Each structure stands twice: as structure tokens, then as C-alpha cells.
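In what follows, chains are A, B, ... by sequence order, proteins preceding strands, each numbered from 1. Everything numeric in this text was worked out from a predicted model, so none of it was measured.
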Amino acid sequence: MVKQKIADCLQQAVAKTQQEGTLAPGALPEIIIEHPQNPSHGDFASSLPLKLARTTRMPPLAVAEKIVEKISLPPEIDHTTIAPPGFINFTLRNEWLTEQVETILAAGDLYGNLVLGKGKNIQVEFVSVNPTGPLHVGHGRGAVLGSTLADVLSSTGYRVEREYYLNDTGNQIELFGHSLYVRYLQNFGKEADMPPDGYHGNYVIDLAKEIAEEHGDKFLNVPQKEALEAITELGFNKIINSVKEDLLLLNVKFDKWFSEKSLYKGEQYNKVMALLESGNYVTKKENAVWFASSLLGEDKDNVLVRSDGSPTYFASDIAYHYNKFIERKFDTVIDIWGADHQGHVPRMKAVMKALGQDPEQLKVIICQLVTLHRGKETLKISKRSGDIITLREVIDEVGADACRFSFLSYSAESQMDFDLELAKKQSADNPVYYVQYAHARIASILRLAQQRQIDYSQGDVSLLSTEPELTLIRHLIMLPEVIERVAANLEPHHLPYYAQALATVFHSFYKQCRVVSQDETLTKARLKLVRATQITLAKTLHLMGMTAPETM
RNA sequence: GCCCCUGUAGCUCAGAGGAUAGAGCGCUGGCCUCCGGAGCCAGGUGCAAGGGUUCAAAUCCCUUCAGGGGUACCA
């Protein structure tokens, strides 16, 4: 990328000045190339002279002059300027810019793809909600974040596996099964009490009714243990299916649904416990088995096996990560968890050390909670309490594309206020439609060109020279940078902002530059530009898991 | 108490130690003889408070205040 070339040429120029003695020798700081806020400062800027002022004992502007004297610019750059207090600004050559239109056309759908991953295996595990109830907006946020991240990473050369961890064993699923069984009994007028921490949501009653309709009263006549097991499984499958449906509505797909139970059926659990024991990380006290996290710098130890002999969620998760790293050999694992799991992060990092892995290989994104409002009213989304607004209801009200765009617009660490009233009210003026409208508008222009049988394959992009045209190209070529940033920092929220900026410059270009006009050669050149814009916009929308509509 | 996240425009949010801190919504004005007006152009207010580091701080450090989450033999 151009940024790197600029950094390289700066570095060489400094080396030259130091050799020749015009600048005092010294360690070179990291060369950071940025985009100036003010376009009149050029396309790229470096504050290297400011950073070198101290070691060279010269005023920054003088340092800048010495560097620029020795610089040999890459062909992409037209010229440099020096600006106070000590910047070197770089401006791209117009010829190079217009050539990028051809580059984008040639790349097509692959435009923006990078080779960062070099085939490394990376797993993104997300959602992984207990299958004990419907998904809510918070889960939707994690789903959108995870799926977008996975898509971006796979477009940058990683081999990505998208995984959902199914908690199909343990306390919560038993509690859910018990609650469902009670509702089933009640459905037939039998007296039964909900378990103390049971699931009181109305959906459990509905599920019980469904099961009663499908299977009749046959579970009344079998031993309770058997009935409980059967009903738990029926309920579990129903919930999983509806989870899958909800996720599909949001265009979220998984490569693998990983069963927690399988950790115990296979030998992962026993193997990893033996491994921890051999490393002396396991202690026994108060009739329970503990992981000695404190040996690894943690505040306190954590229970692995309860005094009743059942393993904790933490123990499962250790076996699960053993499976991820050691059995399946992922180079990197990204776990996306809700803020309520934040305390779990240091524990798992400690586990990584105990397993002999680099904790850096495990990247945990903590997604802050979502609060749902309808105007001033705060809506409940917790499964355990009564009435809730589900993710599906939100998708129905707001639409999948708009949901994705909204969820993506927030950085993971910021809490999200989702106002249903606002989301709906704004829907016509929502940025999401603004972006999609730009795409539909382009499609419409290209349809017109086709109707008039304009073959623009030989269009001469060097005719693109006005300010709106060049500004548009400048934005088109930012896509790879945006993708790189998203992949490097695991921050998908840059995508919607980029999409919006790109749509804005396109709409502005459209207003100022008539595309299909009497001027045949200019028409063909602009059609190329418009098509390149469509490619870029569509790529951005698809990375966000959204549709790129031809008409609206 | 201790730990994590957050505090930026009336509202919802971006902001990669750098130059005049940006979007959307809302509000007020303009703009269609011509490719889609779900559009374009213009208009204004702001970094929670106080210290520090730095040539340069919304960004890094410390303190205070405020909101959210965690601190279970729940997950």
C-alpha cells in the first residue's frame, strides 16, 4: 500500500541525511503515516520531523527540509509540502489515482482483499448462548460483530472457522428442562411447582403447549426421570432451531456447532484435567477441586469440580479451549463474550499459560451490554424474568439490514442504547438506506447505460480530472486500509462509517457530474468510475453482511 | 471494598499522541428543463472536573465525580 511506500522512502531519506551528516544520527522513531483532516494538506502526512527535532537538535521545519531534500518519491506521489510546525505532506498523482479505477474494475468482487493472514487458522466463536430461551438484542449485537469480523478476516487471507458453542449440559439446561416439564404438567392441569431459579418466561409455557400438542400426554405416564429427559431434549431442539432461524434472519451463519457434551464423551475433559494436574495447577480443598490461578498471578483460585462431583462451566471452558488450541490447532482464537463474562477473561488467560500456550493467541472481545428502549420506557431482555422483547421482534420491527448496520456502528466497548421508537421513526432517514440508496442509484445509472447500449469497456479513465471525480476515487482507494484496520484491531465498527462517507462523496459527485451525457468519451470514463464505486460499495455492504440492492 | 468498560454537539455515536475535534438524527433556510429528491448545498453548540507527561493530549498517567458490568461450588 501507498502508506508503506511513503514510510519506506522517509526512512531511506533519513538514513541518507544521517550518513551525509546533515542530520545528527539517532534511533528512528516508528514512522506513522496518517491522513490529514484537512484535504488541502494532501493525502498523507507524517510528523516525523517533529519527532526527530530533539535527537537532531534542530528545529522541526529545518529537519523536514533536510529530509525532503534527500527523499526519492514513489511513483504514486506527485509532490510533498512542508507545513508548520513540522509536517511533511504528500499528495497523490492524479494519473495514479485515475488508474486505480481500472485496478478496482479488474479486481471486481475481490477488491479490498488483502494477504495478511497467510493461511493461518483462526477461529471466531460467538453468540454461544445457552439454548434455554430466545435470543435478545444483546445476542444480536454479538452475532453481527462476530460474523462481520469473521468475514473480514477471511477476506484478508485467514482461514476462518465460525463456531457456536452449545451449552448442552450443565445446570442451566437442567433448570430449563425442569421448568419446561413443570409447564407441561400444568398444561394438563397437574399441580407442579417451578424450580426456585426456574425460567418464568412465557415462551416456556408456549413451548410446553407445543410439546403437549405434538406428543399428547404420553410423558405423564412414564417415570419422571425419563419424562424430564425427553422433554428437555425436545425443548432444547426447539430452542436451537429457533436460534438458528433468528441468526439466519440476521444473515449469520456458522461453520460448526460445537457440543459441550462432546467434551465429556470424548476425552478432552479428562486429558486436560490430567494435564493441569501434572503441572500442579490443581488443588483440593473444601471437598472441591480448584484451579490454582493464584500461581499464575490471579487474585484467587477457581472451582473446577464442585463438591457434588459436577464440573463447573469454567472446567468445561478449559477443556473447550484445550480442544481449540491443542486438538484442533487454531493459531488464534477470537471469543466474543458479553460484558457479564468480563471476569472470566483473566481466568482463561491464566489457563492458556497453564496449557503452555501464549495467552496472546486467545483474543477476547468483550461486547458491552445493550439496553433496549421504546421511547422513555426501558424494555426487559433478560430470559429469566417474565415478558421480554426478543431479537426476532426487533428484526421484524427494524429490518435485518438496519439492525446489522446499527449494531455494527457501535464499538464493542461502548454500551449501546437501542431505541426501538427511534430506530423505526428514523428508518426512512437511516444512514443504512442512504448507503443502500447510493448503490441502487448506481445500478440505475448502469441500467440506463445498458439500455442505450453504451459499451464503456474502452473508457479512458485519464479523463477523470474534476474535483468531485478525484475525491470519489480518493475514497474508493481507502477500502483496503479500512479492511486492514478492522482486521488488525478487530474493530468492525469502522465499516459502517466508511460506507457512509463513501456514499456521501458519491451522492455529491452525482449531483455535480452528469454521468450519461452528450459527451461520449467522458460518459464512458465516468461509467467506469461509477462501476468502480458500485464494486467498492457492494464489497463494503457485503462485508457487513448486508444486501446491496439494485432498486429500492 | 477491589477489578473491567464507558463519559465527546439537544439525542445516538465516530475519532490510529499531531494541524481548524467529525457523522447521523432533530432544527432553520435554499436547490428539480437533464442519469432515482430515500438526494444536494448552507447554517451551531461540545471533549465530565482537576492535576501531570509531551514540542503536541479527546487520546497516555494520577485523583475526583457519574453510568454500566463483574467480584458464585451460575453461565
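If you check distances only, the side chain of A:Asn89 does reach the base of B:A19 with a donor-acceptor pair under 3.5 Å. At a cut-off of 3.5 angstrom, counting only N and O atoms as typed in the model, there is no donor on one side facing an acceptor on the other between the side-chain of A:Ser508 and the base of B:C40.
In this structure, A:His341 atom NE2 and B:C5 atom P are separated by 18 Å, rounded to whole Å. Rounded to whole Å, the distance from NZ on A:Lys349 to P on B:C4 is 15 Å.
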Tabulate below the donor-acceptor pairs under 3.5 Å that side-chain atoms of residues 472-481 of chain A make, not counting sequence neighbours, or state none.
from, atom 1, to, atom 2, distance (Å)
A:Arg474, NE, A:Asp43, OD1, 2.4
A:Arg474, NE, A:Asp43, OD2, 3.4
A:Arg474, NH2, A:Asp43, OD2, 3.0
A:His475, ND1, A:Thr471, O, 3.0
A:Glu481, OE1, A:His35, NE2, 2.6
A:Glu481, OE2, A:His35, NE2, 3.3

Output a table of donor-acceptor pairs, distance under 3.5 Å, between side-chain atoms of residues 365-372 of chain A and any protein atom two or more places apart or on a different chain; print 'none' if there are none.
from, atom 1, to, atom 2, distance (Å)
A:Thr371, OG1, A:Met416, O, 3.4
A:Thr371, OG1, A:Asp417, OD1, 2.7

Please tabulate, one pair per line, each protein N/O and nucleotide N/O from nucleotides 29-34 of chain B that are separated by under 3.5 Å, including the distance.
from, atom 1, to, atom 2, distance (Å)
B:C34, O2', A:Arg514, NH1, 2.7
B:C34, O2', A:Arg514, NH2, 3.0

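The pair A:Glu125-A:Lys324 meets the salt-bridge criterion, with a side-chain N (NZ, NE, NH1 or NH2) lying under 4.0 Å from an Asp/Glu carboxylate O. A:Asp317 and A:Arg347 are not joined by a salt bridge, as no carboxylate oxygen comes within less than 4.0 angstrom of a charged side-chain nitrogen.
Partners of A:Tyr281 under the ring-ring contact (aromatic ring centres under 6.0 Å, His included) rule, at least two apart in sequence or in another chain, do not exist in this structure. Residues that satisfy the side-chain hydrogen bond (donor to acceptor under 3.5 Å, both in side chains) test with A:Ser40, not counting sequence neighbours, are A:Asn38.
At a threshold of 4.0 angstrom between heavy atoms, the contacts of A:Ala501 with the nucleic acid are absent. Base contact: A:Tyr313 has a heavy atom under 4.0 Å from a base atom. When heavy atoms are screened at a 4.0 angstrom cut-off, A:Leu448 is found touching the sugar-phosphate backbone but no base atom. Within 4.0 Å (heavy atoms only), A:Gln342 reaches at least one base atom of the nucleic acid.
Put simply, A:Asn171 has a side-chain N or O that comes within less than 4.0 Å of OP1 or OP2 on B:A75. OP1 or OP2 of B:A19 has at least one side-chain nitrogen or oxygen of A:Gln37 nearer than 4.0 Å. Put simply, A:Arg306 has a side-chain N or O that comes within less than 4.0 Å of OP1 or OP2 on B:A75.
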Protein-to-nucleotide contact annotation, 5' to 3' order, nucleotides 8-17 of chain B [B base; S sugar-phosphate only; - none; under 4.0 Å, heavy atom]: ----SSSSB-
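Here A:Tyr437 does not lie in a stacked arrangement on the base of B:G39, lacking the combination of planes under 30° and ring centres under 5.5 Å apart. Between the side-chain ring of A:His507 and the base of B:G39, no stacking contact exists by the 5.5 Å and 30° definition.
Both A:Arg441 and A:Val305 sit near RNA chain B, but only A:Arg441 has its closest nucleotide nearer the 5' end.
Using a 4.5 Å heavy-atom cutoff, the side chains of A:Leu446 and A:Tyr456 are in contact.
Its glycosidic angle being more than 90° from 0, B:C34 falls on the anti side.
Taking the six-membered ring for Trp, A:Phe418 and A:Phe407 have ring centres closer than 6.0 Å.
At a cut-off of 3.5 Å, with distance as the only test, no side-chain donor of A:Thr91 or A:Asn89 sits close to an acceptor on the other residue.
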